[in-house]
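Since the model is a prediction, treat every value here as computed from it, not as a measurement.
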2 protein chains.
Amino acid sequence: MDLRHISFRLLEVFMSVVKTGSISETARNLHLTQPTVSLQIKRLQEAVGEPLVLMHQQKLTVTEAGVELFKTCQQVFGKFDDYKDFLAELKGGERGRCKIAMVNTAQYILPKLLGPYSNRHPHVELPLEIGNRAEVLARFERGEDDIYVFSHPPSLEHAKAARFLHNPLEFIVPRDHPLTKEQNIKLEQLTPYRFLLREPGSATRMLFESELQSRGLVLSDSVQMRSNEAIRVAVSSGMGIAVLSRHVLPNEGGEFKVLSVVDTNLASHWYFVIRTDRHLSHAARSFLQFAEKHLELYLGAQWVRNELSQLSSIEI
Amino acid sequence: MDLRHISFRLLEVFMSVVKTGSISETARNLHLTQPTVSLQIKRLQEAVGEPLVLMHQQKLTVTEAGVELFKTCQQVFGKFDDYKDFLAELKGGERGRCKIAMVNTAQYILPKLLGPYSNRHPHVELPLEIGNRAEVLARFERGEDDIYVFSHPPSLEHAKAARFLHNPLEFIVPRDHPLTKEQNIKLEQLTPYRFLLREPGSATRMLFESELQSRGLVLSDSVQMRSNEAIRVAVSSGMGIAVLSRHVLPNEGGEFKVLSVVDTNLASHWYFVIRTDRHLSHAARSFLQFAEKHLELYLGAQWVRNELSQLSSIEI
DNA sequence: GTCAGGTATAGATTATAATCTATGAGTTAT
DNA sequence: ATAACTCATAGATTATAATCTATACCTGAC
């Protein structure tokens, strides 16, 4: 039997013939002429190499080979129906995958969205990649993920960024630090202390350093640390002071204090970034829609800057 | 997704692309040109309505929809492979159905062949129909079975008969019948007794009556009975005498005796009959081949008249 | 015997599937 | 920078699938 000469149409016609037990009736049902159906069956039989139906005295009987082919067809069409169901879910964003790459700091805020989304869309896979800015940028270049999360979005070709959250930066010091007794602290008062910083390239550090530079200030001492947790712990134990995103601080004051610096308001924003030269997966689209709708609920209205409609308009 | 625009060929090509991860390599493997494969994939994607593979920087990745379609294809081709296996068995006579219709008397001999055949071909269905000559003839006319068993084959159009067994007829009388004491019994000595006969049309009766007629003899009394068992029992209990096939008699003498009639040698043959205007099912062909080969073994060499090669030459 | 209903066959047409060559454009490695 | 390889696209051809009309052939019913 040669599958190459068999089309799905042919099998459909055959199944109808088996069901109705009549060539003429099949022709009427499928809006074909009787010779067409006759010929289809004949061709199918040639392709199978075996009689499938026998005509005898106006009565059509289905052979063994025909019955078995009929069963096979039912199963095959069943499989394709399953696949169609799968496609429908995929297109509806109910199934599939939405790979998200985010810079380190985002891991403190994104789960607040991802958790609820994942609950409502249990069949969507949500693999997360967390890296520093350079790593996430490299992933973007290679197009490895569906959605990228940056503060300071890259202004690259094919990149479309949309702000969704305000990211205020705070100065933190050990609880017993001398500055905690001061009022009206200014930025230059902080420079003599040792600063604990993330690696160069980190958005927070970039923002902080550009602020220092524009005001002609220089840090007297700084130590580079690999993670925000490490910085928090180090500040708590008195190793130095630091600038951290409000979102990475515990709600309740811990072993450190937040300084209010009157002449400085450091802040950036969180952005979802997508590539405009690539298909956005249905799941990714569905996640962005979910985010656009529920940002305020899950991230706190006071921080939200919802500009995600800019992304939903993109049609790739 | 529209199955009508999808061919098995298309799916084969798609599967190869997924397996090799390369369009060019698929083209080489399938002896096609690269643009052909590109276009096939493009068309398949259009038919499915969803991207199946993504090209990025010389690297081909398969989408969710692609992976799922691939799985679906594997299952579908698996089903067709199963069907091909089924067909192979069918064509080899290992599977299928061989309907046999036989006249009553044949039920004493055919099981000796059917049993061994069925043991060796356990997947072949062997539905049997047993009737009197008229009934089996009617089934033949309507083509309801694959093989018909007659003594006295019908000389109809489209009927091809082949002898396979000698069918000697014997006269039986009650054990204490007066004739058992005689020697050199002649046929005319039997006519005064009451004969127990099958219905007119029975081959045995036809043969016997034509013998009587050709010799100008007439039975003085006869009773019609519905089965050979009934006749045997009736003879045993002294109701009359009868003509029966040697094959329906028990090997060991029972309540009756076989008469030796010196001037009469009644005999017919058993024939397998098939229609020449119909496909002979593979199973039927296989049964006839089996019979041709093993007649002597299962039916006793002394009775066999193996002319079955006449049937195997028929190619329908 | 004729008619109606079912099927088969022949011949023709149209649509489209399957394939090619030629070419352009991007990527990788030397 | 260039060669070698990848894939995509355009344009053209060929094969064949899908379909029709017209016609002939059965069979069963009236």
Chemist: Keeping the roles fixed (side chain from A/Glu307, backbone from A/Ala161), state whether a donor-acceptor pair exists under 3.5 Å.
Modeler: no

Chemist: To the nearest angstrom, how far is B/Leu32 atom CG from C/dC20 atom P?
Modeler: 5 Å

Chemist: Looking at D/dT6, I'd like to know if its phosphate oxygens (OP1 or OP2) sit under 4.0 Å from a side-chain N or O belonging to B/Arg28.
Modeler: yes

Chemist: Have a look at B/Leu39 and say if it touches a base, only the backbone sugar-phosphate, or nothing, with a 4.0 Å heavy-atom cut-off.
Modeler: base

Chemist: On DNA chain C, nearest-nucleotide positions of B/Arg43 versus A/Met55: which is more 5'?
Modeler: A/Met55

Chemist: How long is the line joining CG of B/Leu11 and C1' of C/dA18, in whole Å?
Modeler: 15 Å

Chemist: Using heavy atoms to find the nearest nucleotide of DNA chain D for A/Arg4 and A/Thr33 separately, return the residue whose nucleotide is more 5′.
Modeler: A/Arg4

Chemist: Would you say the side-chain atoms of B/Glu50 and A/His282 include a donor-acceptor pair closer than 3.5 Å?
Modeler: yes

Chemist: When you check the phosphate oxygens OP1 and OP2 of D/dA17, does a side-chain N or O of A/Ser7 lie under 4.0 Å from one of them?
Modeler: no

Chemist: Look at B/Ser24 and D/dC7 and indicate whether a side-chain polar atom (N or O) is within less than 4.0 Å of OP1 or OP2.
Modeler: yes

Chemist: Taking OP1 and OP2 of D/dT6, is either one under 4.0 Å from a side-chain nitrogen or oxygen of B/Ser22?
Modeler: no

Chemist: Could you state the atom-to-atom distance from CG of B/Leu54 to P of D/dT6 in whole Å?
Modeler: 19 Å

Chemist: Send over the distance from A/His5 NE2 to C/dA17 C1', rounded to a whole Å.
Modeler: 12 Å

Chemist: In whole Å, I'd like the distance from the CZ atom of A/Arg9 to the P atom of C/dA17.
Modeler: 14 Å

Chemist: So for A/Gln34 and C/dA8, does any side-chain atom that can act as donor or acceptor lie under 3.5 Å from a complementary atom in the base?
Modeler: yes

Chemist: Determine yes or no for a side-chain-to-main-chain donor-acceptor pair under 3.5 angstrom, with A/Tyr148 supplying the side chain and A/Pro153 the backbone.
Modeler: no

Chemist: Tell me whether A/Arg285 contacts the main-chain N or O of A/Lys91 through its side chain, where contact means a donor paired with an acceptor under 3.5 Å.
Modeler: no

Chemist: If the cut-off is 4.0 Å, is A/Gln40 near the phosphate of D/dA17, judged by side-chain N/O to OP1 or OP2?
Modeler: no

Chemist: Just N and O in the side chain of B/Gln58: are any of them under 4.0 Å from OP1 or OP2 of C/dG26?
Modeler: no

Chemist: Rounded to whole Å, please give me the gap between CG in A/Leu3 and P in D/dA17.
Modeler: 13 Å

Chemist: Given atom CG of B/Asp2 and atom C1' of C/dT16, what is their separation to the nearest angstrom?
Modeler: 13 Å

Chemist: Want to settle it: does A/Gly21 or B/His31 sit nearer the 5' end of DNA chain C, counting the closest nucleotide to each?
Modeler: A/Gly21

Chemist: Any chance you could lay out the ring pair (Phe, Tyr, Trp, His ring centres under 6.0 Å) test for A/Phe150 and A/Tyr271, step after step, and finish with the verdict?
Modeler: CA-CA 5 Å; A/Phe150 287 100; A/Tyr271 293 79; 9.1 Å; no

Chemist: Does A/Arg275 make a cation-pi contact with A/Phe140 (under 6.0 Å, within 45 degrees of the axis)?
Modeler: yes

Chemist: Hey, does the side chain of A/Lys59 come within less than 4.0 Å of D/dT27's phosphate (OP1/OP2), counting only N and O?
Modeler: no

Chemist: Applying a 4.0 Å non-hydrogen cut-off, can you work out what B/Thr36 is touching in the nucleic acid: base, sugar-phosphate, or nothing?
Modeler: base

Chemist: Starting at CG of B/Leu30 and ending at P of C/dC20, how long is that distance when rounded to a whole Å?
Modeler: 11 Å

